[in-house]
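Okay, structure first, notes after.
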Amino acid sequence: MPAKNALTATASAALLALGLAACGGSTGDEAVGSASPTATDGTGMTEGTETADDMEATGDDMAATEPFGTACADIPADSMDSMAQEPVATAASDNPDLSTLVSAIEEADMVDTLNSAEDITVFAPTNEAFEAIPQEDLDALLADQEQLTNVLNYHVVEGKQDPTALEAGTFTSLQGEDVTTEGSGEEYTVNGEAQVVCGNIQTSNATVYMIDGVLMPS
């Protein structure tokens, strides 16, 4: 009997040792797993997590690159796509609402000048803007190349100006006199009179703002 009791005690001790070892191994594995920290950006946010502010900023950036204004809806989508691939004078010919301006550019022999310019902004009068000029005066302007060139150059400023630059902007035109802009959002005026009806149109070398008036230098 003493021998039998000794064997039983030895077996129980072995089983207890194995159980403790198993528990110890499991605890160790959990400790190793919990020791791997989750990467954060220093603000408590997990890296790679996009915040509401990030998404809003992305939306603002996308909006800043899109054309805006009531007249944009009148421009065929394929015309807008074509304009983005071409220099500004050629691109204007793809827009049916700028046909009078295109004729004026051709009369002034400015097609190559505008197409070869680097990074400019054009305030482009629509057909209705030219129609607001008395016909006799418009005919006289189109017939006088020097005066016409002077007027057209007054609609062009250096740099591809984005909408934020127009909020309270003063730009020197290629004609030499200043052009002023003001506004916000999707409502801007040029020289306090002409309204932007479709703005932020991109061409390969220019940003175009279609306006409802013809700007006249002093």
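Computed from heavy atoms alone, side chains included, the values below leave out hydrogens, waters and symmetry copies.
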Can you tell if the side chain of [X] reaches within under 4.5 Å of the side chain of [Y], non-hydrogen atoms only?
X	Y	answer
M210	N95	yes
D212	E128	no
E136	L141	no
Q202	M80	no
P87	L114	no
C198	I75	yes
T207	D162	no
T189	Q195	yes

Looking at every non-hydrogen atom in both residues, tell me the closest pair between [X] and [Y] and how far apart they are.
X	Y	value
E177	P217	OE2-CB, 3.7 Å
A104	L148	O-CD2, 3.4 Å
F68	P163	CE2-CG, 3.7 Å
S116	T113	OG-O, 3.3 Å
V214	P125	CG2-CB, 3.9 Å
G213	A129	N-CB, 3.5 Å

Test item: [X] side-chain N/O and [Y] main-chain N/O as donor-acceptor pair under 3.5 Å:
X	Y	value
N205	D119	no
Q85	S204	no
N191	E193	no
N200	V208	no
T203	M83	no
Y209	V190	no

Tell me if the centroids of the rings in F123 and Y188 come within less than 6.0 Å of each other.
no

Working for side-chain contact (heavy atoms from CB on, under 4.5 Å), residues T172 and V157:
CA-CA 6 Å; T172 301; V157 303; over 6 Å; no

Hydrophobic cluster membership, with links at side-chain heavy-atom distances under 4.5 Å among I/L/V/M/F/W/Y: are [X] and [Y] in one?
X	Y	answer
I201	V196	no
V151	V111	yes
V156	L98	yes
V179	L152	no
I211	M216	no

Nearest 0.5 Å, what's the [atom1]-[atom2] distance between [X] and [Y]?
X	Y	atom1	atom2	result
L138	I133	CG	CD1	5.5 Å
S93	E106	OG	CD	8.0 Å
H155	I120	NE2	CD1	13.0 Å

Does D137 have more than 12 heavy atoms from other residues, nucleotides or ligands lying within 6.0 Å of its CG?
yes

For E158, I'd like to know if atom CD has over 12 heavy atoms of other residues, nucleotides or ligands within 6.0 Å.
no

Just by distance, with hydrogens left out, do D178 and S173 show a side-chain donor and acceptor under 3.5 Å apart?
no

Would T100 and N127 count as having a side-chain donor-acceptor pair, cut-off 3.5 Å?
yes

I would like to know whether F171 and Q161 meet side-chain contact (heavy atoms from CB on, under 4.5 Å); could you show each step before the answer?
CA-CA 10 Å; F171 312 98; Q161 307 296 337; 3.6 Å; yes

Under the side-chain contact (heavy atoms from CB on, under 4.5 Å) rule, what do M110 and T149 come out as? Steps first, then yes or no, please.
CA-CA 8 Å; M110 289 181 59; T149 301; 4.0 Å; yes

Chi angles and distances behind the side-chain contact (heavy atoms from CB on, under 4.5 Å) call for I105, D109:
CA-CA 6 Å; I105 292 172; D109 196 22; over 6 Å; no

